Amino acid sequence: MKLYEMNTREKLKKLITDSLESIVGDVAINQITIEIPKSAEHGDYSSNIALQLAKKLRKNPRQIAEAIRGSMPHDTILEKVDIAGAGFLNFYLRSQVKQRIVVDILTKSDQFGAFDHGVGKKVLLEFVSANPTGPLHVGHGRGAAFGASLSNILKKCGFLVSREYYVNDAGRQTDILTVSVWCRYLELSGLEQEFPSKGYKGKYIKDLANLIKAKYGDRWLKQFQITNLPHTTQDDEMLIDLIIKEAKRLLGKDYYLLKKLSLESQLMTCKEDLSLFRVDFDGWFSEESVFSNGMVREICDRLNQGGYTDVREEAIWFKATEFNDDKDRVLKRANGDYTYFASDIAYHHDKYSREFDKLVNVWGADHHGYIARVKAALQGLGHNTDILEIILIQFAVLFRGQQKVPMSTRSGEFVSLRELIDEVGVDAARYFYALRKSDQHLDFDLDLAKAKNNENPVFYVQYAHARCSSLISKWNGKIEELTRFAQQTNLDQPDELLIMQKLAEYPDVLKKCCQDLVIHNVPTYLRELSHLLHRYYTATPVLSADEPERSARVSLVAAVKQVLHNGLSLLGVSAPDKM
RNA sequence: GUGCCCGUAGCUCAAUCGGAUAGAGCACCAGCCUUCUAAGCUGGGGGUUACAGGUUCGAUUCCUGUCGGGCACGCCA
């Protein structure tokens, strides 16, 4: 099925192409761009083709534009063609043609805005991937909101998207989680002592210890005093490692049971929070699995066979400098443990084996130094890193009014995603996160976000939607007949034409998002469309107008409502009928 | 110190792979509810796009340098 918006654009391109052929012959003109101008004064569509050809043809751009217009075949969709500015061709559509967008939207409903840019392309979108060692915080929330919205947009545009969460259920942090729970557990049993400074201090650890004690009893109860450790130390990092070692010795198999229970509990909380936040995943990829299935060893072997490894000071290094990284990187430590880097290579190696056309990673911006080494390793394994796209999400800097809120998962000083949701609601949080370009710092004022008043931009858009709904429900006509009304009566007031022009822009917004892998254009667009609707609502009577304008206007309002609904749903924000 | 990202209205941010007079929101000022939801609308002031050069018909956008901010530079994850 040909799409209306593509139709118009293709038609304009064809007109220009035909015209150019007749005046300049076979000049290479494969990239004619038809854009929607920022200002409605510049027409419904415009092209800068004359400016682009100016150098090649060694002619004044305005003259070229004149020539193009002069030999352009007449077409019924056009009201007029203007030449403006330095040599822009501005196309004005006849209002009846513009009005087709209303019919198009009402016909396609939820599918309006979709296009075939991504048809058949498989994309793996990995996001959040926070350590299951504590609740998700507001920093993770931004990545979650971004990934979920981006995947919605990509899907809408035909991409086959798999959403994946990489679960770091291996490594030192998971041991720290385990002994943190254990220490709290011992406290509960009356073995009070100073809590290790490098342990996780959040209240959730105590809650978890409580839960485990209530459910499983005293099986982890051992006589243990930090001060009685075989090698006491002043170094906090070494101390926590000693505790881990001692816990493993004292608890034996039960240590791993405690670890399993702790991780499962954290992961469950994480899944619940994400679900509440309307963020879903297709797969949860376990880091532990790439160890147990031998993948980590395999990729190390392969890098070794390629001659890309080195043994120095009893550790195995990957020669990342041979692939444009500034340092070589350790794969396997002197103590025999693999690094996080090694398992991450294995994970990405696995991604490649699953035959995606594009791999997208959404990472916290603090990981940017990590990109070069991962790409280097993947190149060492013979993979094409051009298909791997890494999007960095800057952390949200929290404020309570003027006061900056310090955040650190380990110290337990953070605002959880759950807390944010409870305070401001999912709608406001999702919209707020989507508002800004992800590679920009986001000042997140909690007091402002908590305030459920008109300061929050999500209400503006939702209110526009609610107003549309209200009009339609009071209209008392048959919804199925709206498309007929949209065709029968001309809507050619300036504000109506502006709305139709804006509606036609929606597919462009989604396309842009897919091309740039961004989402912030959606809220920007929704605000603009909402503004036009509010203005129309204030200035033009709809229900109190006479027929046939009355029903035709309702059809326009219905089209706006549909697009607002479509856009909000991509962002995971509800579109209420009443407010 | 080295690398990456960033610097746009008082504040928070946009600006369609180099395009037209750099746009919104908040804040400020002046107006609009006996009519479909005032969580709204209308009008107004506000800018050397950090600074200095360069590339060209044209630069917020690309290149170089300076200043300022963030992040990363671990046998942590």
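Lettering follows sequence order; numbering is per chain, from 1. Please read all numbers here as calculations on a predicted model, not as lab measurements. These numbers come from the heavy atoms of this one structure, side chains and all, not from hydrogens, waters or symmetry mates.
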*If the plane angle is over 60° it's perpendicular, under 30° parallel, otherwise tilted; pick one for A:Tyr347 and A:Tyr166.*
parallel
List the atom pairs, donor and acceptor, that lie under 3.5 Å between side-chain atoms in residues 314-324 of chain A and the rest of the protein, sequence neighbours left out.
residue  : atom : partner  : partner atom : Å
A:Trp317 : NE1  : A:Arg312 : O            : 3.2
A:Lys319 : NZ   : A:Gly307 : O            : 3.4
A:Thr321 : OG1  : A:Asp328 : OD1          : 2.6

Under 4.0 Å, heavy atoms only, any strand: does [X] hit a base, just the sugar-phosphate, or nothing?
| X | result |
| --- | --- |
| A:Ser46 | base |
| A:Lys327 | sugar-phosphate |
| A:His367 | base |
| A:Glu528 | nothing |
| A:Thr540 | base |
| A:Ala466 | base |
| A:Gln515 | nothing |
| A:Asp577 | base |

*In Watson-Crick or G-U wobble terms, both distances under 3.5 Å, what is the partner of B:rC41?*
B:rG31
*Which nucleotide, in any strand shown, forms a Watson-Crick or G-U wobble pair with B:rG23, with both distances under 3.5 Å?*
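Checking every strand shown, B:rG23 finds its partner in B:rC13, with both distances under 3.5 Å.
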Between the base of [N] and the side chain of [X], is there a donor-acceptor distance below 3.5 Å?
| X | N | result |
| --- | --- | --- |
| A:His534 | B:rC41 | no |
| A:Asn90 | B:rA20 | yes |
| A:Asp326 | B:rG3 | no |

*A:Asn361 and its side chain to side chain contact (heavy atoms under 4.5 Å, CB included) partner, picked from A:Leu388, A:Ile391, A:Ile371*: A:Leu388
*Is the gap between the ring centers of A:Tyr433 and A:Phe146 under 6.0 Å?*
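Here the rings of A:Phe146 and A:Tyr433 have centres that are no less than 6.0 Å from each other.
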*Is A:His520 stacked on the base of B:rA14, meaning ring centres closer than 5.5 Å and planes within 30 degrees of each other?*
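Check failed, A:His520 does not stack on base of B:rA14.
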*With a 3.5 Å cut-off and no angle check, do the side chains of A:Glu496 and A:Tyr536 form a donor-acceptor pair?*
yes
Looking only at side-chain N and O atoms, does [X] come under 4.0 Å of OP1 or OP2 in [N]?
| X | N | value |
| --- | --- | --- |
| A:Arg373 | B:rC4 | no |
| A:Arg527 | B:rA14 | no |
| A:Arg550 | B:rC36 | no |

